Amino acid sequence: MSFNFKNPSKLFAWYYSLLCPFYGRKFYKKLLKVLELNGDESILDFGSGAGVLAKKVIKYLRDNGQLTCLDTSSAFLNKAHKKLKNYDNVEYLLGDIRDLKIQPNSFDVIISSWVIHHISPEDRKEIIEKFASTLKQNGRVLLIEYCKKPHGISEDEVLELFNNAFLKISNKHQEKNTVLFEFRK
């Protein structure tokens, strides 16, 4: 099975769509609790994939809230679009966050689940800096990451990347090898 996230095989996209809800259930539940949304936020789901987390988050937004699903894979973004077809307050962005014309101070919240460790180490710094620039003052990043080498990213590296982008840790929940981080601008 290929782990090509940009151009996934149909089998991989199907498998991943099933795996995420099963594996992520307790972390998604914790993330939604920590989010404490009032409903009118502008939220970026970075690496939204098939829209599993987005489908849970959108239910907490009112009509004046906005969810943006960003992914580098049109196959996964199409799956997210199908999952969220009944919602008018969702925007879909295809591409690398560094190349997209996202205005500074656009988002109240950025969420990302199990994405950063899949990004090449040499690209991570720029991407986290882009998070910081697109985040509104007092905005938050909620990040779920697998933090065990060799497949994951170390907790120390996550903290260093966000700290260097002037995003400070405000909350952390760890269970086994997975960590839910909350950072504030």
Side-chain angles (χ1 to χ4, degrees), residues 2-10 12-32 34-35 37 39 41-61 65-103 106-120 123-124 126-128 130-136 139-146 152-153 158 162 167 178-183:
S2 170
F3 283 87
N4 181 342
F5 285 95
K6 192 166 186 172
N7 297 305
S9 68
K10 286 185 179 183
F12 178 70
W14 172 81
Y15 173 76
Y16 195 76
S17 297
L18 292 177
L19 177 69
C20 283
F22 175 74
Y23 182 74
R25 184 176 35 233
K26 63 182 151 189
F27 287 98
Y28 291 160
K29 196 175 197 176
K30 181 72 175 171
L31 182 141
L32 292 168
V34 172
L35 264 177
L37 297 175
E41 291 87 358
S42 177
I43 299 174
L44 172 65
D45 185 356
F46 176 79
S48 61
V52 174
L53 180 55
K55 178 89 183 225
K56 295 175 182 313
V57 170
I58 193 70
K59 294 175 183 176
Y60 290 86
L61 294 178
Q66 178 71 30
L67 176 63
T68 302
C69 294
L70 184 152
D71 207 285
T72 58
S73 165
S74 59
F76 277 125
L77 212 52
N78 288 337
K79 285 188 168 294
H81 197 285
K82 286 178 186 174
K83 269 191 180 81
L84 302 165
K85 67 183 175 199
N86 296 327
Y87 297 94
D88 295 329
N89 54 342
V90 181
E91 178 183 14
Y92 303 91
L93 297 177
L94 177 64
D96 186 319
I97 191 171
R98 297 169 294 179
D99 300 331
L100 298 171
K101 304 291 186 225
I102 300 172
Q103 294 298 312
S106 296
F107 299 107
D108 297 296
V109 178
I110 297 173
I111 57 174
S112 181
S113 57
W114 294 287
V115 176
I116 302 300
H117 73 276
H118 290 291
I119 297 170
S120 66
D123 291 335
R124 292 174 183 161
E126 274 187 275
I127 288 172
I128 303 308
K130 187 68 172 184
F131 278 17
S133 73
T134 61
L135 202 59
K136 293 178 183 177
R140 300 180 297 151
V141 177
L142 281 94
L143 177 76
I144 300 172
E145 268 307 326
Y146 184 71
I153 181 173
V158 170
F162 280 81
L167 298 169
T178 301
V179 181
L180 167 60
F181 298 93
E182 180 182 10
F183 297 94

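Small disclaimer: the values here were computed from a predicted structure and weren't measured.
- Interatomic distance, NZ of Lys59 versus CG of Leu84, reported as 9.5 Å (0.5 Å rounding).
- When the shell of 6.0 Å around OH of Tyr92 is examined, it contains more than 12 heavy atoms from other residues, nucleotides or ligands.
- Side chain of Glu91 to main chain of Cys69: no donor-acceptor pair is present (N/O by atom type, distance under 3.5 Å, no hydrogens or angles).
- For the atom pair CG (Leu135) and CG (Leu167), the distance works out to 6.5 Å, reported to the nearest 0.5 Å.
- In terms of heavy atoms, Leu94 sits closest to Ser74 at CD1-N, 3.5 Å.
- Looking at heavy atoms from C-beta onward, Phe162 lies out of side-chain contact with Phe181 at the 4.5 angstrom threshold.
- Screening Val179, Ile119, Ile116 against Ile153 for a side-chain contact (heavy atoms from CB on, under 4.5 Å) leaves a single residue, Ile116.
- In this structure, the separation between CD1 on Ile58 and CG on Asp88 is 9.5 Å, given to the nearest 0.5 Å.
- Residues satisfying the salt bridge (Lys or Arg N to Asp or Glu O under 4.0 Å) criterion with Glu182, sequence neighbours excluded, are Arg140, Arg184.
- Of all non-hydrogen atoms in Ser48 and Asp71, the two that sit nearest each other are N-OD2, 3.3 Å.
- No side-chain heavy atom of Leu67 sits under 4.5 Å from any side-chain heavy atom of Tyr87.
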Exercise for the section: Evaluate side-chain contact (heavy atoms from CB on, under 4.5 Å) for Val57 paired with Leu35, printing each intermediate quantity in order. Expected result: CA-CA 9 Å; Val57 170; Leu35 264 177; 4.3 Å; yes
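- In this structure, the side chains of Thr178 and Trp114 come closer than 4.5 Å at one or more pairs of heavy atoms.
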Exercise for the section: Determine, stepwise, if the pair Leu143 / Ile110 fulfils side-chain contact (heavy atoms from CB on, under 4.5 Å). Expected result: CA-CA 8 Å; Leu143 177 76; Ile110 297 173; over 6 Å; no
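- Looking at Arg98 and Asp123, their side chains come closer than 4.5 Å, going by heavy atoms from C-beta outward.
- Note that CG of Asp99 and NZ of Lys130 are 8.5 Å apart. Values are rounded to the nearest 0.5 Å.
- Residues Leu53 and Ser113 come closest through the heavy atom pair CD2-OG, 4.0 Å.
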Practice task
Show the numbers, then the answer: is there a side-chain contact (heavy atoms from CB on, under 4.5 Å) between Phe131 and Ile97?
Solution key: CA-CA 9 Å; Phe131 278 17; Ile97 191 171; 4.1 Å; yes
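- Residues Asp108 and Ile43 have side chains not in contact (no heavy-atom distance under 4.5 Å, counting atoms from C-beta outward).
- Remark: Asn78 engages no residue in a side chain to side chain donor-acceptor pair (under 3.5 Å) (not counting sequence neighbours).
- Considering only heavy atoms from C-beta on, Leu61 stays 4.5 Å or farther from Gln66 through its side chain.
- For Phe107, the ring pair (Phe, Tyr, Trp, His ring centres under 6.0 Å) test picks out no residue, with sequence neighbours left out.
- Rounding to the nearest 0.5 Å places CZ of Arg124 at 8.5 Å from NE2 of His117.
- Considering only heavy atoms from C-beta on, Val52 comes within 4.5 Å of Lys83 through its side chain.
- Going from atom CD1 of Ile127 over to atom CG of Asp96 covers 5.5 Å, rounded to the nearest 0.5 Å.
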